[in-house]
Peer 1: 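Here it is: the structure, laid out below.
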Amino acid sequence: MPDKMALEAILAALFPAGHAVTVSDGLITGDGPLGAGRIAVVGIDGNTALGIEGACHLAGRVLDVVRAGGETPILVLIDSDSQRMSRRDELLGLNEYLAHLAKALLLADAQGHPTIGLLYGHSAAGAFIATALATRVLVALPGAHPSVMDLPSVARVTKLPLEKLEEMARATPVFAPGLDNMVQTGAVQAVLDPTRPLGPQVAALIAQGAAADIRDTRDALGCERGGRPLAHDIAARVVREAQGA
Amino acid sequence: MSQWQKERDIREARLERARPHADGKVVPASRVVDLLEAILQPGDRVCLEGDNQKQADCLARGLSACDPARVHDLHMVQSGIVLPEHLDVFEQGIAKRLDYSYSGPQGARIAKMLYGGQIELGAVHTYLELFARYFVDLTPNVALIAGVSADRDGNLYTGPNTEDTPTVVEATAFKNGVVVAQVNDIVDRVPRVDIPGDRVDFVVEADTPFYVEPLFTRDPAAVTETQILMAMMAIKGIYAAYGIRRLNHGIGFGTAAIELLLPTYGERLGLKGRIATHWALNPHPSLIPAIESGWVKQIHCFGSEVGMDNYIRARPDVFFTGSDGSLRSNRAFCQTAGLYACDLFIGSTLQIDLQGHSSTVTTNRVAGFGGAPNMGSDPHGRRHPSDTWMKAGREAGGTGDPALRRGRKLVVQLVETFGDKLVPAFVERLDALELARKLNLELAPVMVYADDVTHIVTEEGIANLLLCRTLDEREQAIRGVAGYTDVGRGRDHAMVEALRARKIIQRPEDLGIEPLDADRSLLAARSIKDLVHWSGGLYEPPAKFRNW
Amino acid sequence: MDFKPVSLSTSPLDQSWYEASARARLAGLLDADTFQEFIGPEQRMMSPHLPLFDLPRAFDDGMIVGRGLLEERPVLIAAQEGRFMGGAFGEIHGAKLVGLLRAALAVKPAAVLILFDTGGVRLQEANAGETAIAEIMRAITQVRTAGIPVIGLIGGRAGCYGGGGLIAGTCARLVISEGGRLSVSGPEVIETNRGAEEFDSRDRALVWRTMGGKHRRLIGAADAFVDDTIGAFRKAVLAAIPAAPSFDLATLEAEQARLEARLDRFGDARDATEIWGGLGIADPAAVPGLTTEGFDALLARLPEEPHHAR
Amino acid sequence: MEKLSFRHATRTALPGTRASAITGVVASGNLEVLLERNLAPDACRVEIDTAIAGYGAVWAAVVADFVARRQPGGLTITINDGGARPDTVSLRLAQGARLMEMP
């Protein structure tokens, strides 16, 4: 597996002319120049777990962009752990905070702010859903390693030996961790080429996203790529049956 | 000159050695080990109170911390082997020989230690048997008991979980033994005197309140449709048919289902006041709806149950309570009541063989049976008649003058044909026999003997063994309710149908019960919370049973 | 604690939501005999992945979707069966809900109802389940943007955990009962990762006061607290539909303010009872024991108006 | 997992006109039963997918008893089993038959 790219290197590649992106407590916020305008940046760095404060803070920044109007795109950079697992976070309603962050990103997208997720390290579970998976287009850099569930945990719950799971993981992408598998399920649309300038690649995604309608194409991609053989068809069948007599 | 007071002299010597560790009778928890090492002598018979529920855990920790060089070769005589320390003392060489009754949680470890020769086993008793032997040949030299509080004179309040304490103290204190009690609190005045202070030599203020396991709490949420069907059959086919008023229940989900069906299904059958009025029973939370609906006249208890204290306190017409208002239980008396004064025992088991012997032991667990065999046996010493007892006696047949024919106690096994993981409850041969062979026991550990059991209730039907006249009939009656187990599928279909015609076997439809009506909506309470509501907020379930 | 007589009714509306199957909940919640299922069990659209793990499958993959009437108004409805694989999201399970939400944009029902009963992602199909959850959340915001209320109902055995908790947080209104628990990481997960000192999952009273229906209602994470009966859920859903907020900047800004205020006020709280006390409840320890009536009365007496923006 | 299949001839058709019904839930110790009226009135087919292998003889007996008692002619019965005990299987089959007999 290639090493993950460091955030500084990514930012430098994205914004050769400089940027106003900062990292504090693992939370990325700020913006940088993109074409004639600016692009807002939010995210999580350093394999940081996403808790209630972090989610609240990032959502606030996203809503700032929406409130300002215009069509400022939002780039979501992700190298996170899972959601923070603690009694306090749950006591105070972590599900609301994570859902709120996702909703803020979805609202931004719906109101004309293209949202691009760029996964460059780890991400998992609720943190993944609340950030990268809530963007219009999710792409990754080589070295990214999302995992919904790591294999030792799967082994513990299913009581299957780890070796057997590793063997099964090679045959089916549906449960095993890793970037390739998330690409195959359609969750990650594309893997960027780190040897080419990142700025233009991101700009192209924004242009492509802005032109497309708002339909979610992930299940169609998952079907094409074989990672989710049935989801697209099942969803379409439900729509057909609901529209039937 | 003959010596007639050797035991008393020894007792005085023990007390003399112990006194430096006590302030009067009071001993701090930190001095327990010193106290026990002073009192105990090698080879002593010791009752370390381990009851079905409450545990003298502080004293158990103390005993297991004694120096085996000073305290060794003890002979433990106690009803319950419950705490790890109860067996640690054998591993450490502090104790050597064991006579006991019941060992639920430690059953597997006991088996291992028996195989390994670390424990020299006297016998596995029923409760009453062991209590009886306390007064004959297993009298403790030292009793280490548990209570809620004591005053400085040693007057002891046992609290609602009196259980074995009066029996143990009676045998020890009046036969030159030494009694040490652990209590949660030393108080100026105990709420009531359960054990007078002149029978208690030392009181230890325990570091933590003694441990009690909520053994009798069955969450109604876990009662299945099959258990409800069996409960319907038991109520209609046995309780109503024999008019059973005086009874004891086991602690399984099947009997909990019966308790929860009394105010609903039982009410519908018009049975209120005609059945299930007088009980020898622990305060089962699942009986609350029946009590609140006016079904229950009175209940005498072996012990208490966690969370039931306030409820019991508020229902003195039903429960036995002391002048302070709290429950007075007593295992020896309640076992006796269950044996002689109840017309029915109904409980569950893990294995039943083709004759009807049943056992809960498996080849790697030696759990013992506690009180079930006392309840689940026909007392030949009984002389008073009741309609139920006489009817059962008539069904059992016999010859000669009817006035010379004894009645029969109903002993009912309520079993689902398959247990967890599809393990069959009906077997050709009990695992108990294999265990006896491996351990070289003269007597296989049988819970209820075939000649005591009168009915078997499964989801397939009721087998009335009283009406069987030959061993062959009996075997087919058992096979005939054994469902799809190998034993059940091995039945002689023609003979089973013939037994059904004679009502030796009754199917749900023969009793007018539609299995599809066996629904959880029949339960008077479907959750622990419902029980709390039934109790008017008096029942306070332990944390692990809450979902709010 | 508070108490009331236990109902011995056998009417379907009086049956326990917690105990009922997903199908029984659907049947009881909707007008009688109006439920029509999409991709019904006879179509046998079962998980293609569970056989790899040697696990049994269900004809509906634990997710039942369809349409029906609620007080004669058409609704689309989905119900998770919490007893099958813990109600977890797998490929088909998730895709059925995705399809239902997309269908809502086309058929414009009076509401979409989601009957949650889930432990989160089905780990045997984790990538598909996780992605489906993201698709569902996106679709919910689109349905809400179209002016169709999406109402979540939580009161099942499995609770509403993991990604299910995030989906619930995306709904316009949530109805919850005492049995319902709403959270991301479950108690066992936190205990496994952080130890029993952080969260003793066997302390059920702790579990309920941290994640249970009353706490969620009190802090504003759910909008209605109801008795554990199908009839009570039905009544609450009928009340929730007209009250559902739209999905726009104003709503999310209000939610932002609500969540920030919660952090400010209660960020240092160690236990739910501290929060309840801070809300002006005189006897926080008594809250778990309150009946629904007692709890409603308590809510009515609280000094501040509930704040439901979501 | 183990697949089992049984075919039986019945004396009569199961009353009622419902085309299909489902009862039960696949869970540990539980099962779901799907009943469909799509065979000749004197035929019944039972297809089982069970989590616990090795109980073919027990299943055969349970199904044979059910067929003898309820005469489910015309039905295809498909079962997803999570390791239910035979009494639970019998109960679900009976519940399913009753659902199919409802108007």
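Each chain gets a letter, A, B and so on, in the order its sequence line appears, and its residues count up from 1.
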Peer 1: With a 4.5 Å heavy-atom cut-off (strictly below), which parts of residues 32-71 of chain D touch chain C? List them by number.
Peer 2: D/Glu32, D/Leu34, D/Glu36, D/Ala51
Peer 1: If you count every heavy atom of other residues, nucleotides or ligands that lies below 6.0 Å from D/Arg7 atom CZ, does the total exceed 12?
Peer 2: no
Peer 1: Between D/Val25 and C/Ser21, which heavy-atom pair has the shortest distance, and what is it?
Peer 2: CG2-CB, 4.4 Å
Peer 1: If contact means a heavy atom pair closer than 4.5 Å, which residues of residues 38-55 of chain C contact chain D?
Peer 2: C/Pro41, C/Glu42, C/Arg44, C/Met46, C/Asp54, C/Leu55
Peer 1: With a 4.5 Å cut-off on side-chain heavy atoms, are D/Val26 and C/Arg57 touching?
Peer 2: no
Peer 1: For chain C, which candidate among D/Asn80, D/Leu31, D/Asn30 shows the most heavy-atom pairs at distances under 4.5 Å?
Peer 2: D/Asn80
Peer 1: Find the distance between CZ (C/Phe59) and CD1 (D/Ile22) and round it off to the nearest 0.5 Å.
Peer 2: 6.0 Å
